[in-house]
Amino acid sequence: MQARLDSLHLIERSCWQELERAAHERDHGWHLLTLASIAGERADARSVILRDVQPAERALVIYTDRRSPKAAQIRARPLGTLVGWSAALSWQLRLEVTLEVQADGLDVSSRWARMKLSASAADYLAAVAPGTPLDHHTPQRGSREHFAVVVAQITAIDWLELHADGHRRARFDAEGPRWLAP
């Protein structure tokens, strides 16, 4: 078992380092996150894959189909929460985020250029929008026009460590780093 971190600065830095690892390591607990967005008067949650981390901008990147309910929800109310659990670290992250759907531009085009070479490209090539009822299980292929990037600007990090010697929790936001009761 690794030594526990006692410095708020080191914990926050480690959160960002682990997020960067998670974007590139499929077996990292935070590679697959839960994104909760606002759908009218209720929350709507789904799993998303962490594609990129931009620590200097305090942002995470995920991909979506621009026609998806998730994209519509983000355009209507661009607030959300990303949640991840890493069993290896015994850490939970809850990230309060401001979301933006980007469907055009150089960044989206360059990400699509890399994505279209992977098996995941098919996820964005369906001729119909996600959630559309189908007569059969294999929809026809569409085009790249449905690929979009979601940038999640982190406004707060809520870190929770579950540990046999005592659970710990900290928050990192505009008010500064601080310990919280777990």
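For the numbers below, each heavy atom of this structure counts, side chains included, while hydrogens, waters and symmetry mates do not. Owing to the predicted nature of the structure, the values given are computational and were not obtained by experimental measurement.
- Residues A152 and L99 approach most closely at CB-CD2, 3.6 Å, considering heavy atoms.
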*Carefully, step by step, assess V48 and L32 under the rule side-chain contact (heavy atoms from CB on, under 4.5 Å).*
CA-CA 6 Å; V48 296; L32 184 66; over 6 Å; no
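- Legend: residues meeting side chain to side chain contact (heavy atoms under 4.5 Å, CB included) with L8, ordered by chain and number and at least two apart, are A170, F172, P177, W179.
- Listed by first then second residue, pairs satisfying salt bridge (Lys or Arg N to Asp or Glu O under 4.0 Å) with a partner in residues 146-167 read R4-E161, R94-D158, D158-R169, E161-R168, not counting sequence neighbours.
- To the nearest 0.5 Å, atoms NE2 (H163) and OG (S90) are separated by 7.5 Å.
- For the residue pair H31 and E25, no side-chain donor N or O sits within less than 3.5 Å of a side-chain acceptor on the partner.
- Using a cut-off of 4.0 Å between Lys/Arg side-chain N and Asp/Glu carboxylate O, R111 and D52 are scored as salt-bridged.
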Solution key, residues 79-87 side-chain donor-acceptor pairs under 3.5 Å, sequence neighbours excluded:
{"from": "S86", "atom 1": "OG", "to": "L89", "atom 2": "N", "distance (Å)": "3.2"}

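- Between E12 and R58 there is a salt bridge, since a side-chain N of the basic residue sits under 4.0 Å from a carboxylate O of the acidic one.
- In this structure, S47 and L33 have side chains that are not in contact, with every pair of non-hydrogen atoms separated by 4.5 Å or more.
- Counted within 6.0 Å of CZ on R178, heavy atoms from surrounding residues, nucleotides or ligands total more than 12; the atom is thus considered enclosed.
- Listed by chain and number, the residues in a side chain to side chain contact (heavy atoms under 4.5 Å, CB included) with H24 amount to none (sequence neighbours excluded).
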*Could you walk me through whether T34 and R46 pass the side-chain contact (heavy atoms from CB on, under 4.5 Å) check?*
CA-CA 5 Å; T34 299; R46 81 281 293 148; over 6 Å; no
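- Among all heavy-atom pairs drawn from I38 and G40, the shortest one is CG2-O, 3.5 Å.
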*Could you give me the CA-CA distance, side-chain angles and deciding distance for I62 and L35, then say whether side-chain contact (heavy atoms from CB on, under 4.5 Å) is met?*
CA-CA 10 Å; I62 60 175; L35 171 63; 3.9 Å; yes
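- By the side chain to side chain contact (heavy atoms under 4.5 Å, CB included) test, Q102 is found to be paired with E100, D107, V108, V149, V151, residues two or more places apart in sequence or in another chain being considered.
- Judged by distance alone, with hydrogens and angles left aside, the side-chain atoms of T64 form no donor-acceptor pair with the main-chain N or O of A148 at under 3.5 Å.
- Taking S118 as the reference, M115, S120 meet the side chain to side chain contact (heavy atoms under 4.5 Å, CB included) condition, with sequence neighbours excluded.
- Under the 30°/60° scheme for interplanar angles, the aromatic rings of W159 and W91 are found to stand perpendicular.
- Here the side chains of L60 and L95 are in contact, with some heavy-atom distance below 4.5 Å.
- Inter-residue side-chain proximity for L19 and W30 is flagged as met; some heavy-atom pair is nearer than 4.5 Å.
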*Kindly determine whether R13 and Q17 satisfy side-chain contact (heavy atoms from CB on, under 4.5 Å), including the steps that lead there.*
CA-CA 6 Å; R13 189 172 78 194; Q17 290 170 340; 3.9 Å; yes
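- Residues E20 and P55 form a side-chain contact, since some pair of their non-hydrogen atoms from C-beta on lies under 4.5 Å apart.
- With rounding to the nearest 0.5 angstrom, the CH2 atom of W16 is 9.0 Å from the CD atom of Q54.
- The minimum heavy-atom distance linking I74 with V101 is given by the pair CG2-CG2, 3.6 Å.
- Between S7 and L5, the closest side-chain pair of non-hydrogen atoms is not below 4.5 Å.
- Counting heavy atoms from C-beta outward, T155 and T98 have side chains that approach closer than 4.5 Å.
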